[in-house]
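Below you'll find the structure, written out as structure tokens, and then a few comments.
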Amino acid sequence: MGTLIQDLKYGLRMLAKNPGFTAVAVLTLALGIGANTAIFSVVNGVLLNPLPYAQPGRLVALYSKTAQFRRSSISYPNFLDWVRDNRSFSALAAYRADDFSLTGAGEPERVPVEMTSASFFSILGVKPVIGRLFTARDDQVGAAPVALLAGGFWKRKFGASPHVLGKSITLNDTDYTIVGVIPSTFYFSGDNFHRSDVFTPIGQWSDPTFRDRRTGMGMDAVGRLKRGVTFAQAKADMDALGRHLAEAYPEADKGTGITLIPLKQNVVGSIRPYLLMLLGAVGFVLLIACVNVANLSLARSTGRAREFAVRIALGAGRGRVVRQLLTESVLLALAGGGMGWLVATWGLPAALRLLPEALPRVQEVRLDTHVLLFTLAASVLAGILFGLAPAFKASGAGIGETLKEGGRGASGTHHRAQGVFVAAEMALAVILLVSAGLMIRSLAELWSVDPGFDPHHSLVFRASFPPLKSPDAARETWREIRDKLTAIPGVEAASMTFASMPTQGDSELPFWLANQPKPSSESQMKVSLFYLVQPDYLKAMKIPLESGRFLTSGDTERAPVVTVIDEDFAKLYFPGQNPIGQRISFDILGQTAEIVGVVGHVKQWGLDEGASSPVLAQCYFSVSQLPDQFVPLMAGNIAAVVRTAGSPLAAVGSIRHAIEQINGQAVVYDTGTMDGILSDSLSAQRFSMILMAVFAALALVMASVGIYGVVSYVTSQRAHEIGIRMALGAQRGDVLRLVLGQGLRMALIGVAIGIVGGLGLTRFLSSLLYGVTPADPLTFAAVSAALTAVALLASYVPARRATKVDPIVALRYE
Amino acid sequence: METNSQTEVGQKQKGNGSGEPLIRLEALTKVFYTEEVETHALSGVHLDIRKGEYLSISGPSGCGKSTLLSIIGLLDSPTGGKYWLGGTPVENLNLSDRSRIRNREVGFIFQSFNLIGDLTVYENVELPLTYRGMPSAERKKRVMDSLERVGMAHRVRHYPSQLSGGQQQRVAVARALAGSPAILLADEPTGNLDSKNGEAVMDLLKELHKEGATICMVTHDPRYARNADRTVHLFDGRIVDEQDHRAHVEEEEPPAN
């Protein structure tokens, strides 16, 4: 213990004695450890920490499984059968997101609502702040309307008053009695779950379509496994249940099943590869930082060779000298770690701002004890890592030679360790830069993809309306909306849009060709995406008309039902035929429609949509021809796309005014440009691309500083040799070539190793790439050339300095 | 014009024969300025070295011997005075010309050998020829000739650290000879050697001189100084004495049979 304290004291004294070395080393380590701390805090918060619910390991996400989708919405009747017949779950709860109009409490307001089963909160172990949760009696048709408020909404709207219980709020013209408040810290990540202000019991919803076993109205489920039941047992149980339902209700359920996914995997599964890639990238950055500091320490240990020779001559064992040097390097690393923690404290909020909004569990990302322990471990490990080489070199130095301080006669020293380190950090930098380059090229490729429509000068918005009196009134309102929007100066075209919306939401319809017999079950039907739009939709989206005609204002509820299909639909179901005039039947709509036109295909599933996307066929219907029974489902929340001559956002005020003119209680929300929506669809790729680019830049800077430092040091050590060469007639150009060649040699070896390593490692990125192979020769060539150029540049400064060596001074040193 | 000056020295040297000296220094001065102190290392040195002559320079430490040798070897430039090498004034040449002439006309032998540790014996000897841009085949021939001349041809693949001090100095001599310089400059060539190896190196220089080499050697060992044809004594940057050993040797030598 005494010797350790002695080592610590001496180590601190030595670090204080060399403030320049200490500052550079600490700063380098701070950047490396700071970046690691920041990314680890995200990995810890998102991937490692358990979900913030009671016994989260027993929570399972449930979906319906169809031929096209592994995770599909559940029909409510099926869900009720799951609840009744399963033997694996202590409780199952359904949830579905919607938007309601809040009226009677000041200005009309659109309120995000989550419709949930009564057991939803108890499954997650959430307790109300005040009041109670839903009961089974609340969760059925005909029960008195009740609501739970989210904590944030309760504070904002009711000043967190405890007297809110028993009061009512009016949502979509229905009065709901407030029975409790959910903690403001509660959140849940799910495809059909959004940050809601109000929760209502889903079982009260009596809409016939919702109660139709053939339709899933955007409803998913979560369940809690019974104690002692494993995930595999539950899966087998639900598979059996799915088969039973398929037999019982073949028309709706034949060919379908039930998908179970552990809730955590369901929440974070898609972001996992990105985060692991970033963690790997920062690991490389830390390695480069360690190599840099090891190089600095090696140079410094050469300067201290005499000190260690004296220590060894006085009886210090090799282990003692190694320990002394490792103590110093760990001290240095801890200082770097401390500063890295500060870097992370500052950098994490900035990094979080870059995170895609859709990133799950972002609220749980923080610098906590786990992260602190990680930083500490990373610091100690880094200290040992970069301290080992100098320690062994110093302890292994020949005492006699060092102490004699003579024995010269030949100039030149071997700097193999430094050369190896520089090559290593260049190799790591190549791998990082290639990875970043591939991500950048992927994003560029995605951006260059034609989405099938023109996203520029195009605005999308939503509006919530109070319930409309009748289907005819709704249709009249929709026509009025179109007319008002089109009348706005600067608006070139406008169309309402329901059901599917490119990159934002999908709705599918099973169908069969009218000249063929109706399949016995839905699973045997063909499936198409469907878009409910108005006549100007094609113009508003700038989708090309391939043949026939698009929907017109004459396609009203009183006219024969028509549809327009896309080119993929035509290729898939009418190969080599003219689809125009053909008829297709839609079971759920209860309609047969005549195809009147063919339009271009739109990338519904995002810019990276490919042949493997679940459904490619697309068809368009006129909103006016939507059967009466479906109108109430659509009428409360409308969406529209508007094409403008100028900046689309400039039209928002006029749009809002136009909607308010139609209905004073309507609320416009979610306004955004189509460009922005497309950009958001690439947020995960952009986020990882930006961070990869930042880390690659950091690696590049560190590697160039590393090569500069080593070449400078080696050149200073070779001053005598350079003096001899100049005495023998070397010109400045010869010296310049000598030093540049040395830097270039180390860099090229590193680049070669990096290329090999990169070819091995970038394979793991293949699932994150688009339009570019992991071994993309252009990226590899560009990165290699860039790094070689940087290495040459970094070597040029010491090389220039070397040409100024005065042979007299260098030789006088003899 | 770097090429011109280089050619000029070579051409004049060839016609040098007996009359014009290979090296002529006139009123050469060298002043070092350090902060506010002026140090006069050389104060008006006049010196001629004839082709084929073996000159030794001696004197106490700090008298300016090494400075004089550096100027003669074009490693340094004088503060004042004139310097002709092979009849060409070289005191005001730029760095590049000095390097070029040094490479062709001067062979250095240093006290501490100054071989490059990372290069083999062969590569060390080849180095000045590489800087001259000589073709590889000719370089090889010259390197091997030089190494054979100093008895080190069997060690071409060795590194300096694998050789004794005496062997290292022989390699250094081979390096100096390889370029067929007009003059060999030796700065205390035995200073780092034991007496046996020192003797061997001095014998080698004597032999080279007999074969026609012009040698200028700094030494303060009177035994070795006497090997030269002539010794100049420097004191405080001036030549204060000059001894011609040839007459002395002739007097001591017994008449030939």
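Lettering of chains follows the sequences in order, A, B, ..., and the numbering in each one begins at 1. These numbers were taken from a predicted model, which means no experiment stands behind them.
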Are any side-chain N or O atoms of Arg100(B) and backbone N or O atoms of Gly729(A), one a donor and one an acceptor, separated by less than 3.5 Å? no
Any idea which heavy atoms bring Phe110(B) and Ala727(A) closest together, and the distance? CZ-CB, 4.1 Å
Drop me the distance from His720(A)'s NE2 to Ser112(B)'s OG, to the nearest 0.5 angstrom. 5.5 Å
Within residues 123-138 of chain B, the residues sitting under 4.5 Å from chain A by heavy atom, in sequence order, are Leu127(B), Pro128(B), Tyr131(B)
More than 12 heavy atoms of other residues, nucleotides or ligands under 6.0 Å from NE2 of His40(B): is that the case? yes
Nearest heavy-atom neighbours spanning Ile808(A) and Asp76(B): CD1-CB, 3.8 Å
Answer yes or no: is there a side-chain heavy-atom contact under 4.5 Å between Gln731(A) and Ser96(B)? yes
Please report the interatomic distance CD(Glu721(A)) to CG(Leu115(B)), rounded to the nearest 0.5 Å. 11.5 Å
Part of Arg175(B) lying under 4.5 Å from any heavy atom of chain A: side chain
For the residue pair Ala730(A) and Ser99(B), what are the closest heavy atoms and their distance? O-OG, 3.7 Å
So, Asn114(B) side chain and Ile724(A) main chain: donor-acceptor pair closer than 3.5 Å or not? no
So for Leu119(B), is it side chain, backbone, both, or neither that comes closer than 4.5 Å to the heavy atoms of chain A? side chain
